[in-house]
Amino acid sequence: MTTPDLTPLFGHPVRHPGPDDHLPVLAVLDSWWGGLGGDEGSRQRALLLPKLMFQHFTGSSFLVTGDDRIVAFLIGFLSPSRPAESYIHFVGVDPAERGKGLGAELYERFFAYSRAHGRSTVRAITSPVNKASHAFHTRLGFVTEPGPKEVDGLPVQPDYDGPGLDRLSFRKDLGPAR
């Protein structure tokens, strides 16, 4: 099995997250998202990152640290049900570190890991109100998949994460699987 690239990023150590990282990651979400969505947004973010993500998907995920703090993380996995696909579940970068290419480099490492495991497609989602996430994914070459409804001119998958929890669905084709 090919392992992900864990070499330092911009001088920051990179490692796989583990169960002990769950609460520290949850602790940074609200400040990193600038309170997006208020209390309900906070609750949704926490529910999207249960401890199981830090127990069962560590080998394909990344945690970037520095000066005893979390700098960035990417939680992703190879789909066990769709052998040509992988999925980026949740990503965060400390606002003080944004704009330096750290998030894009984490995605590139995940793309390389996916290719090395025969995956040709990477999928991800975001909230329709998260304009920065939509712009970021578009810059990285993701396409927003068609949906049966629109929000602010963007195609949305209604109730994707439960009743009233619409999402934008992204796809990036990596090329033929090896």
Side-chain angles (χ1 to χ4, degrees), residues 1-82 85-98 100-114 116-117 119 122-127 129-130 132-133 136-137 140 142 159-170:
M1 269 307 209
T2 303
T3 58
D5 179 0
L6 296 177
T7 58
L9 279 174
F10 306 103
H12 298 296
V14 178
R15 64 178 172 83
H16 296 296
D20 290 342
D21 297 308
H22 177 243
L23 292 179
V25 168
L26 289 183
V28 301
L29 293 182
D30 285 343
S31 65
W32 285 14
W33 266 256
L36 183 69
D39 289 342
E40 179 60 19
S42 176
R43 187 181 72 79
Q44 286 181 33
R45 283 186 291 279
L47 289 173
L48 286 171
L49 274 177
K51 191 169 193 170
L52 72 88
M53 303 304 290
F54 296 80
Q55 295 168 321
H56 298 283
F57 300 106
T58 62
S60 54
S61 299
F62 303 94
L63 186 75
V64 182
T65 60
D67 300 323
D68 296 322
R69 67 186 178 92
I70 297 170
V71 174
F73 66 91
L74 181 150
I75 306 296
F77 56 90
L78 304 173
S79 174
S81 300
R82 297 178 176 182
E85 296 182 9
S86 56
Y87 185 81
I88 295 176
H89 179 71
F90 210 115
V91 180
V93 177
D94 182 330
E97 302 288 338
R98 290 183 189 156
K100 300 176 182 177
L102 188 55
E105 183 57 32
L106 284 174
Y107 271 68
E108 290 299 331
R109 288 184 182 197
F110 187 79
F111 298 158
Y113 178 75
S114 296
H117 286 84
R119 308 306 164 113
V122 176
R123 295 187 180 276
I125 63 165
T126 197
S127 167
V129 299
N130 193 339
S133 176
F136 176 78
H137 284 89
L140 289 180
F142 281 86
D159 302 325
Y160 187 94
D161 276 336
L165 300 175
D166 300 348
R167 298 292 182 250
L168 301 177
S169 179
F170 300 115

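Everything numeric in this text was worked out from a predicted model, so none of it was measured.
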Under 3.5 Å, is there a donor-acceptor pair between the side chain of Asp30 and the main chain of Gly35?
no
Would you please name every residue forming a side-chain contact (heavy atoms from CB on, under 4.5 Å) with Asp161, sequence neighbours left out?
Leu48, Ile125, Leu165, Arg167
Side chain proximity check, Arg109 to Thr7, heavy atoms < 4.5 angstrom:
yes
Restricting to salt bridge (Lys or Arg N to Asp or Glu O under 4.0 Å), what partner residues turn up for Glu97, sequence neighbours left out?
Arg69, Lys100
Pairs involving residues 39-61, ordered by first then second residue, that meet ring pair (Phe, Tyr, Trp, His ring centres under 6.0 Å) (sequence neighbours left out)
His22-Phe54, Phe57-Phe77
Where does the angle between the aromatic ring planes of His117 and Tyr113 fall among parallel (under 30°), tilted (30 to 60°) and perpendicular (over 60°)?
tilted
Identify the heavy atoms of Leu106 and Ala72 that sit nearest to each other, and give their distance.
CD1-CB, 3.8 Å
Nearest 0.5 Å please: distance from the CD1 atom of Ile75 over to the OH atom of Tyr87.
12.5 Å
With Gln55, the side-chain contact (heavy atoms from CB on, under 4.5 Å) member among Pro19, Pro50, Pro17
Pro19
Side-chain heavy-atom pair Val25, Leu63 within 4.5 angstrom cut-off
yes
Under the side-chain contact (heavy atoms from CB on, under 4.5 Å) rule, collect the residues that match up with Pro13, sequence neighbours excluded.
Thr65
Reported CG-to-CZ distance for the pair Leu49 and Phe90, which is rounded to 0.5 angstrom
4.5 Å
Please tell me if the side chains of Arg98 and Trp32 come closer than 4.5 Å, counting only heavy atoms from C-beta onward.
yes
Tell me the closest heavy-atom pair linking Gly18 and Thr58, and the distance in Å.
CA-CG2, 4.1 Å
Partner residues of Leu6 under the side-chain contact (heavy atoms from CB on, under 4.5 Å) criterion, sequence neighbours left out:
Val14, His16, Phe62
Looking only at non-hydrogen atoms, find the nearest pair between Ala124 and His137 and report the distance.
CB-NE2, 3.9 Å
Do the side chains of Val93 and Phe136 get nearer than 4.5 Å, heavy atoms only?
no
Looking at CG of Leu26 and NZ of Lys51, how far apart are the two atoms once the value is rounded to the nearest 0.5 Å?
10.5 Å
Find the distance between CG (Asp94) and CG (Leu102) and round it off to the nearest 0.5 Å.
9.5 Å
Check whether any side-chain heavy atom of Thr126 lies under 4.5 Å from a side-chain heavy atom of Phe142, and answer yes or no.
no
Report the residues that fulfil side-chain contact (heavy atoms from CB on, under 4.5 Å) with Ser81, sequence neighbours left out, ordered by chain and then residue number.
Ser79
Let me confirm one number: the CD-CZ distance from Glu105 to Phe111, rounded to the nearest 0.5 Å.
10.5 Å
Within the side chain of Ser60, is there an N or O that forms a donor-acceptor pair under 3.5 Å with the backbone of Gly76?
yes
I'd like to know if the side chain of Ser127 pairs up with that of Arg45 as donor and acceptor (distance under 3.5 Å, no hydrogens or angles considered).
no
Heavy-atom neighbours of Arg82 CZ exceed 12 at 6.0 Å:
no
Taking C-beta and beyond as the side chain, do Trp33 and Asn130 meet within less than 4.5 Å on heavy atoms?
yes
Heavy-atom closest pair, residues Ser86 and Ser114:
OG-OG, 2.7 Å
